Amino acid sequence: MAAIVRPAPPKKHAAVGEEHLVPVYVWELPVRLSHWGIVAAVTVLTWTGLYMNHPFLIFPGPRQWTMGTVRFIHELAGFELIGALMVRIYWFFAGNHWARWRQFLPLTQRQRRSLKAMFRYYTFQQRKPFEQIGHNTLAGLTYIVVYFLIACECITGLVLFATVEGSPTLRFFVGWIPRVIDIQWIRMIHFLFLFFLMAFFIHHVYSAVLVAMTERNAEMESIFSGYKFVDDETIDEELKIASLEPQQLFSKRKIHRTRDWDR
Amino acid sequence: MATEESILDTCRRRGISRRRFMEFCGTMAATLALPEAYTQTIAKALGQQRKPVMVWLEFQDCAGNTESMLRSPHPTIEDIVLETLSLEYHETIMAGYGKHAEAALKRVVDEEKGKYLVVVEGAIPTADDGVYCTIGGRTALDIAREVCGGAAATIAVGACAWDGGLVRSNPNPTGAVGLHEAVPGIKIVNLPGCPHNPVNTAAVLVHYLTFGVLPALDPENRPLFAYGQLIHDQCERRAHYDAGRYVQAWGDEGHRKGWCLFKMGCKGPEANYNCPTVRWNNSTSWPVKAGHGCIACASSRFWDTKSPFYERLPHPAGFGVDVTAGEIGWTVVAGVAAATAAHAVGHVVRDHFHPGEDEVAAKEAPKTEKPTTEVH
Ligand code: HEM
Ligand code: SF4
């Protein structure tokens, strides 16, 4: 990689003391790509889906193809979403420490502490969010729900697609589903989950901005650049818990090591 | 009692011209999606084949399928195929009654074992040992087991015989089920629809008479020629759907112009049937052509799953009958948005009245530097 674009470490103000912040390459390319792939797809799918459910614009003129076009865009974006989700699922098992599935569950004691602390943080019982390099565990649990919702949208979408597109392969994989759950319930689920994803979107953007503002750790930038800025203490703790070597923490990629590990 | 007549003989006897007979054979070939040349094959078979014996059983039904077959302005050949085949036993139209009628049924079952055809109309109750439908002192289940069990093939006509239909719809007090659930393992063709379309039923019989086998079936034993395609894909209003022209209220401009009925709750996009091509009443019309949305009467459990008939999607269970998925969805979104806004306000208020060390420091210290981007 020729040039790595990264934000400079933000300086904390004097009262807390000059903390030593280390840039850590947290979000690898597949994580960022699938993240933005999902954002783009879900945005398009939400608007086209709302129109397909309730065509709010009427085109009385001749030679129109509005619903046809909207449906076509919806189906294209649908397959893009499926692709992005598959990349992410693969990376649950092949990615770096922070991309793996274990990061999303309260498995270690530290993760459970994080869960409690984040709950206290959001309910104003604590001023600071829990210091963690990857996801905090409360967010991790939310993302599990969100990935589940997206997976459900993909599967129900494919079932609907199989009813309009008679591909034998697709029918083999999803054709049995409407015989178990009626196609109208599939449609209803496909429609209802749209709103759950929309609600998540509101919450997600808000909490990301909130944490970024409180922490001033380039949280928002991290999903573009991949880097987060973490203090020594957190790094030490995370290394200990995960019994990782420093090299593992910083992934295989070339990164800027601003810290002397043998200190 | 074995019928020596062929269908062509019956037509002749009834004064139906050869021309109309050939027309009928053409319709049958078209309905079965066979090439035109098969018209001759069908005509030959219907001229030669002795008519098999057939019985028509009615269980928990409204006789609507019988009506659908009988109530045409003049007897069509479809009627003749169905009627004359059902000579031996048909509760609604046979002359005999009581003991004699039951004896006729018994004779068919005993003497024609493995050769006769059965048409079943209506659901079969299973609750309380099936007491909710008995004929001549025997339960529907008992009769169906015996009569269908000994038949060459059974044709379940209408929604009720297929999956219980209206009788089985929630809360289903009689424990009604469709025939293939009540008597599993029989050779069955399902012809759902409320009611069945007699053209399809005649086509199944014609196929059987012509080729000696039942037509190709889908996993739910419905003939592919009739249930292989979405209504939505065959509908004459489809161009309006794709264009984005929808009826918004009954009798509005779009309705008068014949636009798509999607927003009025049309279930064409989820219903498999050949209604738009075969149509009703001598192929005069069908619901969507007449200006009413499809209610998916040929799809499974349609009273429960396809209602409300005038809305696109069913209502989620557990929220009361009037609450739509959209209302629940927008409420969730509004709730989360409101909670988020409240949280943001709470944050600002707290930091103002109970500033933490951060906020104190921020006030005293010069403004913090914004992160900048540098390229290495
Ligand atoms: C976040 C993801 C998605 C959202 C929010 C979404 C939303 C919607 C909505 C609201 C409808 C209209 C349902 C109705 O009222 O009938 C719809 C229909 C449909 N969606 Fe999606 N969808 C998503 C993902 C997908 C995916 C991954 C596919 C797969 C290709 C897909 C394929 C379809 C198809 C084929 C239809 C039915 C089109 C029709 O029958 O006209 N969707 N979607
Ligand atoms: S009227 Fe119904 S079946 Fe016809 S195009 Fe519109 S939605 Fe589809």
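Keep in mind it's a predicted model, so treat the numbers as computed, not measured. Any value given below was found using the heavy atoms of this structure, including those in side chains, with hydrogens, waters and symmetry copies removed.
If you measure heavy-atom distances from B/Gln248 to chain A, the contacts under 4.5 Å come from the side chain alone. For chain A, the nearby part of B/Glu220 is the side chain; its heavy atoms alone come within less than 4.5 Å. Of the atoms belonging to A/Pro178, not a single heavy atom falls under 4.5 Å from chain B. Using a 4.5 Å cut-off between heavy atoms, A/Ile183 contacts chain B through its side chain alone, with no backbone atom that close. At a 4.5 Å heavy-atom cutoff, A/Leu160 makes no contact with chain B through either its backbone or its side chain. For chain A, the nearby parts of B/His347 are the backbone and the side chain; heavy atoms of each come within less than 4.5 Å. When heavy atoms are compared at a cutoff of 4.5 Å, A/Met213 does not approach chain B at all. When heavy atoms are compared at a cutoff of 4.5 Å, B/Pro219 approaches chain A solely by way of its side chain, counted from C-beta outward. With a threshold of 4.5 angstrom between heavy atoms, A/Ile189 does not approach chain B through any atom at all. Contact of B/Ala344 with chain A is made through backbone and side chain together, with heavy-atom distances under 4.5 Å.
In this structure, the side chains of B/Arg312 and A/Phe191 stay at 4.5 Å or more apart for every pair of heavy atoms. A heavy-atom distance below 4.5 Å is found between the side chains of A/Ile58 and B/Lys263. At least one side-chain heavy atom of B/Glu270 sits under 4.5 Å from a side-chain heavy atom of A/Gln184. Side-chain contact between B/Trp259 and A/Pro60: present, with at least one pair of heavy atoms (C-beta onward) separated by less than 4.5 Å. Residues A/Met198 and B/Trp330 are in side-chain contact: their nearest non-hydrogen atoms beyond the backbone lie under 4.5 Å apart.
For B/Val336 against A/Ala199, the heavy-atom pair with the smallest separation is CG1-O, 3.4 Å.
Considering B/Lys306, B/Arg301, B/Lys267 in turn, B/Lys306 is the only one that fulfils the salt bridge (Lys or Arg N to Asp or Glu O under 4.0 Å) rule with A/Asp182.
With hydrogens and angles ignored, the 3.5 Å screen pairs no side-chain donor or acceptor of A/Arg127 with any backbone N or O of B/Pro355. Here the side chain of B/His343 pairs a donor or acceptor atom with the backbone of A/Tyr122 at under 3.5 angstrom.
Remark: A/Met188 CE to B/His315 NE2 distance equals 9.5 Å, nearest 0.5 Å.
In this structure, A/Trp47 places its CH2 atom where only 12 or fewer heavy-atom neighbours from other residues, nucleotides or ligands lie under 6.0 Å away.
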